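Computed from a predicted structure; not experimentally measured.
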Amino acid sequence: CGNIGGLDTGYEVHCACTKRGLERELPISNALIDMYAKCGLLPNARMIFDGLEGRDGISWNALVAGYAQIGESENVFLLFEKMIGEGTVPNIITYVILLNVCNHRGLVDKGQIFFEGMSKDYGITPMFEHHTCMVGLLGQAGHLESALEMVKEMPLWPDTGVWHCLLDACSKWGNFELGKTAFEKAMQLDDKDA
């Protein structure tokens, strides 16, 4: 229901879960938090979240992602700190959310702290998605050489999306030479890409 914006059906499912006494089951609660958050009803998601006796990483990620979706970055960072404070260990999804928020807000220093901290503090090896977020963040902030270095460090071969991020940044900052390289790399991957 959350993925397709089916809020009316989501309400019905929530009511059915409540009638059957299933609302307090963690997987059900997590699904409800996720559904309400994806539909932009953060007060509903927060009410369920706050009513949980025990939370796991899925609970936290669903709520954090909801706040990220509506652009409330301060709530994202506050919830992350609270999550850590309560002893829940972040995972790869948590860091994708955090890095995307940093990317959208242009928070380079904070993004670099998160990127480095995920492996240093929690032993999480940055995945392709984390590198892509950092390429976008560094590029849009004008750190084009650092963005290119991030592309070179990626665990998998960069896809056209990564090269588009770098190409967009080069366009924004007027770096023709690096833009030409990004364009050529994107064309090698998909020569029909408009």
Side-chain angles (χ1 to χ4, degrees), residues 1-7 9-11 13-14 16-18 20-105 107-137 150 153-156 159 161-162:
C1 292
N3 289 338
I4 62 170
L7 190 55
T9 304
Y11 278 137
V13 171
H14 187 176
C17 291
T18 301
R20 289 173 178 78
L22 300 173
E23 186 181 43
R24 297 278 180 204
E25 298 291 325
L26 188 59
I28 303 270
S29 294
N30 286 344
L32 289 169
I33 293 166
D34 184 62
M35 185 267 300
Y36 283 124
K38 285 180 177 171
C39 290
L41 291 174
L42 271 299
N44 297 48
R46 189 66 191 249
M47 182 183 69
I48 294 167
F49 179 85
D50 289 341
L52 290 174
E53 292 178 16
R55 301 173 182 129
D56 62 7
I58 296 169
S59 315
W60 287 99
N61 285 344
L63 190 62
V64 169
Y67 281 109
Q69 178 182 306
I70 63 170
E72 290 192 19
S73 57
E74 289 308 313
N75 277 327
V76 168
F77 300 137
L78 288 172
L79 281 170
F80 176 71
E81 291 301 321
K82 189 172 180 185
M83 173 186 178
I84 301 301
E86 289 189 12
T88 302
V89 176
N91 60 25
I92 58 172
I93 302 299
T94 311
Y95 279 101
V96 168
I97 297 165
L98 293 170
L99 291 172
N100 271 315
V101 169
C102 291
N103 190 354
H104 291 299
R105 295 288 311 271
L107 304 172
V108 177
D109 292 339
K110 199 167 194 83
Q112 288 178 316
I113 289 168
F114 285 137
F115 186 79
E116 292 166 10
M118 63 189 290
S119 57
K120 185 175 72 177
D121 299 336
Y122 297 102
I124 300 170
T125 302
M127 308 290 284
F128 186 79
E129 295 85 356
H130 303 112
H131 281 87
T132 302
C133 289
M134 288 303 295
V135 169
L137 174 59
M150 187 64 62
E153 292 174 12
M154 293 183 96
L156 299 171
D159 64 6
V162 172

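- Without hydrogens or angle criteria, Asp159 side chain to Val162 main chain gives a donor-acceptor distance under 3.5 Å.
- Rounding to the nearest 0.5 Å places CD of Glu25 at 11.5 Å from CG of Leu32.
- Here the side chain of Arg46 pairs no donor or acceptor atom with the backbone of Leu42 at under 3.5 angstrom.
- In this structure, Leu78 CG and Met83 CE are separated by 14.5 Å, a value rounded to the nearest 0.5 Å.
- Gln69 contributes a side-chain N or O that, together with a main-chain N or O of Lys38, makes up a donor-acceptor pair within less than 3.5 Å.
- Note that the CG atom of Leu52 and the CH2 atom of Trp60 stand 10.0 Å from one another [nearest 0.5 Å].
- Pairing each heavy atom of Pro126 with each of Pro155, the nearest pair is O-CG, 4.1 Å.
- Other residues, nucleotides and ligands contribute at most 12 non-hydrogen atoms within 6.0 Å of the CE atom of Met127.
- Atom-to-atom distance recorded for Leu98:CG and Phe115:CZ is 13.0 Å, nearest 0.5 angstrom.
- Under the ring pair (Phe, Tyr, Trp, His ring centres under 6.0 Å) criterion, Tyr67 pairs with no residue, sequence neighbours left out.
- Thr125 places none of its side-chain heavy atoms less than 4.5 Å from the side chain of His130.
- Counting only distance, with no hydrogens or angles, the side chain of Asn100 and the backbone of Val96 share a donor-acceptor pair below 3.5 Å.
- The two residues Leu63 and Ala45 make their nearest non-hydrogen contact at CD1-CB, 4.0 Å.
- Atom CD of Glu86 has more than 12 heavy atoms from other residues, nucleotides or ligands within 6.0 Å.
- For His104 (side chain) and Val101 (main-chain N/O), no donor-acceptor pair under 3.5 Å exists by modelled atom type.
- Residue Arg24 holds its CZ atom at 9.5 Å from CD1 of Ile48, rounded to the nearest 0.5 Å.
- Taken to the nearest 0.5 Å, the CG atom of Asn61 stands 8.0 Å off from the CD1 atom of Ile58.
- Side-chain contact between Phe49 and Tyr36 is absent, with no heavy-atom pair separated by less than 4.5 Å.
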